[in-house]
Undergrad: 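Sharing a structure, written as structure tokens. Questions coming.
Atoms considered below: every heavy atom in the structure, side chains included; atoms not considered: hydrogens, waters and symmetry mates. None of these values were measured; they are calculated from a predicted model. Residue numbers begin at 1 in each chain, while the letters A, B, ... track the order of the sequences.
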Amino acid sequence: MTTYDPGTIERHWQERWEADGLYRASVDWSQPKHYAVTMLPYPSGDIHIGHWYAMTPSDARARFKRMQGFNVLFPMGFDAFGLPAENAAVQRNVHPAEWTWANIERMRSQIRSMGCMFDWEREMVSCDPAYYRWSQWFFARFLEAGLAYRGEALLNWSPTLQTVLANEQVIDGKDERVGQPVIQRLMEQWFFAITKYADELLSFEGIDWPEPIRAMQTNWIGRSEGAEVVFRTEGGDAIPVFTTRPDTLWGATFMVLAPEHDLVGSVTAADRRAVVEEYQRQAAGRSELDRLMDDRAKTGVDTGGRAVNPVNGEHIPIWIADYVLTGYGTGAIMAVPAHDGRDFAFARSYGLPIVPVIHPEGEPEPTGDTMAEAFVGAGTMINSGPLDGTPVTMDKGRANPSVAAAIDWLQANGAGEEAVNFRLRDWVISRQRFWGSPIPVIHREDGGIEIVPDDELPVILPEDLDFTSTGSPLARHEGFRSTTAADGTPATREIDTLDTFMCSSWYQYRYLGPRHESAPFDPEEAAYWLPVDTYTGGGEHATMHLMYTRFFTKAMRDLGMFDATAKVMVAHGRDPDGHFDEPMRQLRNQGQILGEERPGDIVAIRGTKDGERWVASAVTVGGAEGDVIGELVRRTENILQVAVGGSVVVVEVPDEAIIEIPAIDGANDVTQLRHHLEVQRMSKSKGNVVNPDDLVNAYGADTVRTHLMFAFDWEKGGPWDSRGIVGAHRFLRDVWNLGTSPAETGSGGGDRALRRAQHQTIARVSGYLESFSWNTAVAALMEYRNTLQSVVGKGVVSEPAWIDAVTTLLLLLAPVAPHITEELWQRRGHQGSIHEAAWPEFDEEAAAEDVITLVLQVNGKVRDKIEVPAGITRAEAEAAALASPKVQARVGEGTVRSVIVVPGRLVNVVVE
RNA sequence: GCCGGGAUGGCGGAAUGGUAGACGCGACGGACUCAAAAUCCGUUGCCCGCAAGGGCGUGCGGGUUCGAGUCCCGCUCCCGGUACCA
């Protein structure tokens, strides 16, 4: 008998599969298809354990589907534009393309070591001109269709660096490079009109997506129903406002405009101008950090202007305040302090009037002076003229009778209209970056904009960029920037590039014809493969990638980009209806693998004893001298629990205590202390990264795959445990030994039981793989391993039964551990690859038990368990239960009131 | 605050309203070994008991049910998302 040597067999089979083209997928209308996609990685340089965790179970599912008889397409690619490549370019003066392609090369071979069935001939790389040509083409089509447009957006602008920064490049209101302040500035940008699809994106009909993702997208879109009401300034300018509570209009005692609102200048009284402009300046300079620090204390200034409330003609003051956002609704609100918490706080701070218009149920009528807080509950309308007496409920929109009545009144009196507002903003797709797809437009001298003609696509990124100075290298590159318009006049190219999320919004289509020349994808391929049947990846993409790709698909559908595909479908007798509304039918998200749990810091504490607890004056990590020395086992706020010997000492750490953590520079605080079992994300700086290559070298890819599928609840993830992996390795070694041991040639007396276990395992594993329940699938296979080990060498099973049982083990394990099963498959004399073999068929009769354990309960508590024939009747089961001495002992003097029989499971005797 | 998810042995985790803790890790005891590793056998939710056996037990408090980890009501805590959203 040979020993299991994963290194050799894995290398051998990966090369062999590659040479045989085992995983090439091609259209075959005679077979059912399964299109599985797992999110493409960013080529950061190294594959980490998270990639394995996401990709290898997805691979197992694709393999399972293939063995079930589906023609499976499972492609892979790279999301290759992005900031890290720019940073590398700036730091090392290498071209981002060079850096990126080198990383891709490296990561490809690492991904290959996983042994996945990726069809590499369909690989797409988003920074390849052959790919981004089509990203540009999509932009052009969207622009023509009015789905792309130019508008203004607030961006993080660094006056020092003269550049726009991404949110992650801004730390504490300052840029990460030189630490100078960053301000919010309105700038011209390219947008995609995703809000046109807001309503359609709220519907998840016909797709199987996880509830958390649906909820996040729904929240993100943020649909709210109400009315748009037009207030007028005393000068006659219209100030439309959106409100979800038009029923409280009679209680509007002032208005608030966003500081950036267009009308601020014209409504401001002469004597208020200086104060107002000062406030506007301050608001523009406020960073994210300031806003958070302020903890929603409301500030604002009176413009001195007044507006007319359209429902009662009252003249009310107009203020500006930064709690009103320019980007939401109309950038102006009517303030109803009696029934809105923010307006209430603002009114109280600045002494503005408060007029209640809802009389709370079962309470005395409130007055503006007596209210302690805004009232937002149910009641009856008051002080509201024609609407007085209308009931107010907690319902939203027209479902609330008071809101419905108010909308009707507004429409009848021409003061406003029913309206729906969304939180979702249009998608800003331009980036002030150079490592992204160029946007295919040119700016004419006369200010006009031209789309680059299709036959000139792609607009290629230049090779000879200078990354060393500040600002955009594309802007400085004359050869790129200067061009001519269609009429020959001088023009400049757009120097912004496309958001990388745009490139990843349509990549699942490029796999369907990666070298197709006349369209972004091949309709012949798309007709067969679309839509994606299963999509797997991280849930962190809920509101970005996963929403953008839905939008993209819907837009493509509406622009007729699937028309040719639909024709091919019809020609093959497939109804295209509903196939282009959503990109992915089924979505599943894996969780995240976190760093391994580690011991807490060893701390030395100086301090004084105050009763049972200590009060620290100094805490030193790794210190050797102090009043209390031990391992930090828990920290809650500033209370430490320190294990000293066998007991736990409680230590309070006041603010003035000195904390010293040698590993962390600068002044330390109590929250930086690391306590026992604390789990953190993996990162190089924390030193808790698990390197999959090391694991593959030590145990083999099959073991890593099996362990990752076994040791976690896949959708939840959790901390890595370096000890547990040996369980998966022992399991595969046992499989190896079973697969290479001589066949049993026993009596056959154990055949029936073995065959039963075999078919029960087939049913379980099939169900678990279908439902992404990897851990229970592997557990079922381990149980089956235990069963096989319990009969091997005992001489109780016949040769055919044994061979059949081992064959089934290999087939069921093949999706999880593809190499070892392939090797054993060949060694055992099978023809062809195990990965092309048919999934074992389940035989219900073979799986049936003939003896079952009947659980006997008395008043719902288990009192006995007896073995009975599986075919036992209800009456027999009842009789057997009542005959049990243990049941009889419990029944005792009592009266049996009823007996509940659950066939095949239990009998519950109910005693008085 | 709002939305979503969760809480089960020392740990990861199993359980269509019907035997709670499958499977694995770890730990403990034993075998093999000069020894260690590896391997094999056994034990392993907690409490009482020499044992037979008994009691308790799925974050907390109620409820529905013959029967609740699972369903309902009310909480607590943890994780994720989001947040002056009018």
Undergrad: With respect to the side chain of A:R423, which nucleotide from B:U16, B:G26, B:C85 is positioned closest?
TA: B:C85
Undergrad: Of the candidate nucleotides B:G12, B:G4, B:A15, which contains the atom at the shortest distance from the side chain of A:F710?
TA: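 Nucleotide nearest to A:F710's side chain: B:G12.
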Undergrad: If the C1' atom of B:A27 is compared with that of B:C79, how far apart are they to the nearest Å?
TA: 30 Å
Undergrad: Is NZ or CZ of A:R423 both nearer than 6.0 Å to the six-membered ring centre of A:W220 and within 45° of the ring axis?
TA: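 Yes, A:R423 and A:W220 form such a contact.
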Undergrad: Taking A:N908 for its side chain and A:I900 for its backbone only, find out whether a donor-acceptor pair lies under 3.5 Å.
TA: no
Undergrad: The side chain of A:L906 lies closest to which of these nucleotides: B:G13, B:G18, B:G81?
TA: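 Nearest to the side chain of A:L906 among the choices is B:G18.
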Undergrad: Contact class for A:R425 vs. all strands (heavy atom < 4.0 Å): base, sugar-phosphate, or nothing?
TA: base
Undergrad: So, does A:Q760 use its side chain to make a donor-acceptor pair with the main chain of A:A847 at under 3.5 Å?
TA: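 Yes: the side chain of A:Q760 pairs with the backbone of A:A847.
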Undergrad: When you check the glycosidic angle of B:G9, does it come out syn, meaning within 90° of 0, or anti?
TA: syn
Undergrad: Tell me whether the side-chain N/O atoms of A:N786 come closer than 4.0 Å to OP1 or OP2 in B:G24.
TA: yes
Undergrad: Nearest heavy atom decides the nucleotide; on that basis, is A:V902 or A:P212 closer to the 5' end of RNA chain B?
TA: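 Result: A:P212.
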Undergrad: Taking 4.0 Å as the cut-off, does a side-chain nitrogen or oxygen of A:N775 come that near to OP1 or OP2 on B:A14?
TA: yes
Undergrad: Quick check: on RNA chain B, is the nucleotide nearest A:R905 upstream (toward 5') of the one nearest A:E783, or the reverse? Name the residue that is more 5'.
TA: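 Taking each residue's closest nucleotide, the earlier one in sequence belongs to A:R905.
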Undergrad: Below 6.0 angstrom between ring centroids: does that apply to A:W720 and A:H707?
TA: yes
Undergrad: What integer number of Å spans the C1' atoms of B:G1 and B:C66?
TA: 44 Å
Undergrad: If we ignore angles and hydrogens, is there a donor and acceptor under 3.5 Å between the side chains of A:T706 and A:T703?
TA: no
Undergrad: Heavy-atom distance under 4.5 Å between the side chains of A:M709 and A:T56, does that happen here?
TA: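 Heavy-atom side-chain distance check passes, below 4.5 Å.
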Undergrad: Report yes if a side-chain nitrogen or oxygen of A:R730 is closer than 4.0 Å to either non-bridging phosphate oxygen (OP1 or OP2) of B:G26; otherwise report no.
TA: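 Yes, A:R730 has a side-chain N/O under 4.0 Å of OP1/OP2 on B:G26.
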Undergrad: Looking only at atom C1', what distance separates B:A83 and B:C2, rounded to whole Å?
TA: 8 Å
Undergrad: Please find out if less than 6.0 Å separates the ring center of A:F712 from that of A:W774.
TA: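 Between A:F712 and A:W774, the centre distance exceeds or equals 6.0 Å.
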Undergrad: Keeping the roles fixed (side chain from A:T895, backbone from A:R897), state whether a donor-acceptor pair exists under 3.5 Å.
TA: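 No, A:T895 side chain to A:R897 backbone: no donor-acceptor pair under 3.5 Å.
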Undergrad: Using side chain to side chain contact (heavy atoms under 4.5 Å, CB included) as the criterion, point out the one residue from A:Y279, A:F346, A:Y323 that pairs with A:T299.
TA: A:Y279
Undergrad: Side chain of A:V726 only, heavy atoms from C-beta on: which candidate in B:G26, B:A14, B:C84 is closest?
TA: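 Between B:G26, B:A14, B:C84, the one nearest the side chain of A:V726 would be B:G26.
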Undergrad: Restricting to nitrogen or oxygen on both sides, can you table the protein-nucleotides 66-77 of chain B pairs closer than 3.5 Å?
TA:
residue : atom : partner : partner atom : Å
B:C66   : O2'  : A:N908  : ND2          : 3.3
B:C66   : O2   : A:N908  : ND2          : 2.5

Undergrad: Any donor and acceptor pair, going by atom type alone, linking the side chain of A:H339 with main-chain N or O of A:F375 inside 3.5 Å?
TA: yes
Undergrad: Under 3.5 Å, is there a donor-acceptor pair between the side chain of A:T787 and the main chain of A:E783?
TA: yes
Undergrad: Using atom C1' in both nucleotides, what's the gap between B:C75 and B:U82 to the nearest angstrom?
TA: 24 Å
Undergrad: With a cut-off of less than 4.0 Å, is there a side-chain N or O of A:R723 near OP1 or OP2 of B:A27?
TA: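 Checking A:R723 against B:A27: no side-chain N or O falls below 4.0 Å of OP1 or OP2.
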Undergrad: Side chain of A:D721, heavy atoms from C-beta onward: which of B:C23, B:C3, B:C25 has the nearest atom to it?
TA: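 The closest nucleotide is B:C25.
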Undergrad: Name the stems that RNA chain B belongs to, where each is three or more consecutive Watson-Crick or G-U pairs with both distances under 3.5 Å?
TA: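 Looking at RNA chain B, the stems formed by three or more consecutive pairs are B:1-7 with B:76-82, B:10-12 with B:23-25, B:26-31 with B:39-44, B:45-48 with B:53-56, B:59-63 with B:71-75.
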Undergrad: Rounded to whole Å, how long is the line connecting atom CG of A:N219 with atom P of B:G5?
TA: 12 Å
Undergrad: Look at all strands and tell whether A:V862 reaches a base, only sugar-phosphate, or nothing, counting heavy atoms closer than 4.0 Å.
TA: sugar-phosphate
Undergrad: Ignoring backbone atoms, test whether A:R863 places a side-chain nitrogen or oxygen under 4.0 Å from the OP1 or OP2 oxygen of B:U19.
TA: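 So the side chain of A:R863 is outside the cut-off, no N or O lying under 4.0 Å from OP1 or OP2 of B:U19.
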Undergrad: Got a list of protein N/O to nucleotides 44-48 of chain B N/O distances below 3.5 Å?
TA:
none

Undergrad: For the pair A:R588 and A:D208, find out whether any cationic side-chain nitrogen is under 4.0 Å from an anionic carboxylate oxygen.
TA: yes
Undergrad: How about A:F501 and A:W427: are their ring centroids closer than 6.0 Å?
TA: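 Distance test on ring centres: not under 6.0 Å, no.
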Undergrad: Mind checking if A:S224 touches a base, just sugar-phosphate, or nothing, with heavy atoms under 4.0 Å?
TA: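 Here A:S224 touches the backbone only, sparing every base.
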Undergrad: Give the rounded distance in Å between these two atoms: CD of A:Q217 and C1' of B:U82.
TA: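 In whole Å, B:U82 C1' and A:Q217 CD are 14 Å from each other.
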Undergrad: Hey, is the main chain of A:T2 close enough, under 3.5 Å, to the side chain of A:W736 for a donor-acceptor pair?
TA: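 It does hold such a pair.
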Undergrad: Grab the CE-P distance between A:M782 and B:G13 for me, whole Å please.
TA: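 Spelled out: CE on A:M782 to P on B:G13 is 15 Å.
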Undergrad: B:G5 P sits how many Å from A:R214 CZ, rounded?
TA: 11 Å
Undergrad: Distance between the P atoms of B:G69 and B:G17, in whole angstroms?
TA: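 Their P atoms lie roughly 13 Å apart.
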Undergrad: Do any side-chain nitrogens or oxygens of A:R733 fall under 4.0 Å of OP1 or OP2 in B:U39?
TA: yes
Undergrad: If we take the P atom in both B:G26 and B:G74, what is their distance in whole Å?
TA: 45 Å
Undergrad: When we call it a touch if two heavy atoms are under 4.0 Å apart, what does A:V324 touch: a base, just sugar-phosphate, or nothing?
TA: base
Undergrad: Distance check, C1' atoms only: B:G21 and B:U70, in whole angstrom units.
TA: 15 Å
Undergrad: Rounding to an integer number of angstrom, what distance separates B:A22 and B:U8 when you compare their P atoms?
TA: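 Straight-line distance between the two P atoms is 16 Å.
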Undergrad: So, taking the atom named OG1 in A:T195 and the one named CG in A:D426, what distance separates them when rounded to the nearest 0.5 Å?
TA: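 One finds 3.5 Å between OG1 of A:T195 and CG of A:D426.
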Undergrad: Is the distance from OP1 or OP2 of B:C85 to the nearest side-chain N or O of A:R223 less than 4.0 Å?
TA: no
Undergrad: Scan A:G300 against the nucleic acid and name what it touches under 4.0 Å (heavy atoms): base, sugar-phosphate only, or nothing.
TA: nothing
Undergrad: Using a distance-only criterion (donor-acceptor N/O pair, under 3.5 Å, no hydrogens), is the base of B:C79 paired with the side chain of A:K716?
TA: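 It does not, because no donor-acceptor pair links the side chain of A:K716 to the base of B:C79 below 3.5 Å.
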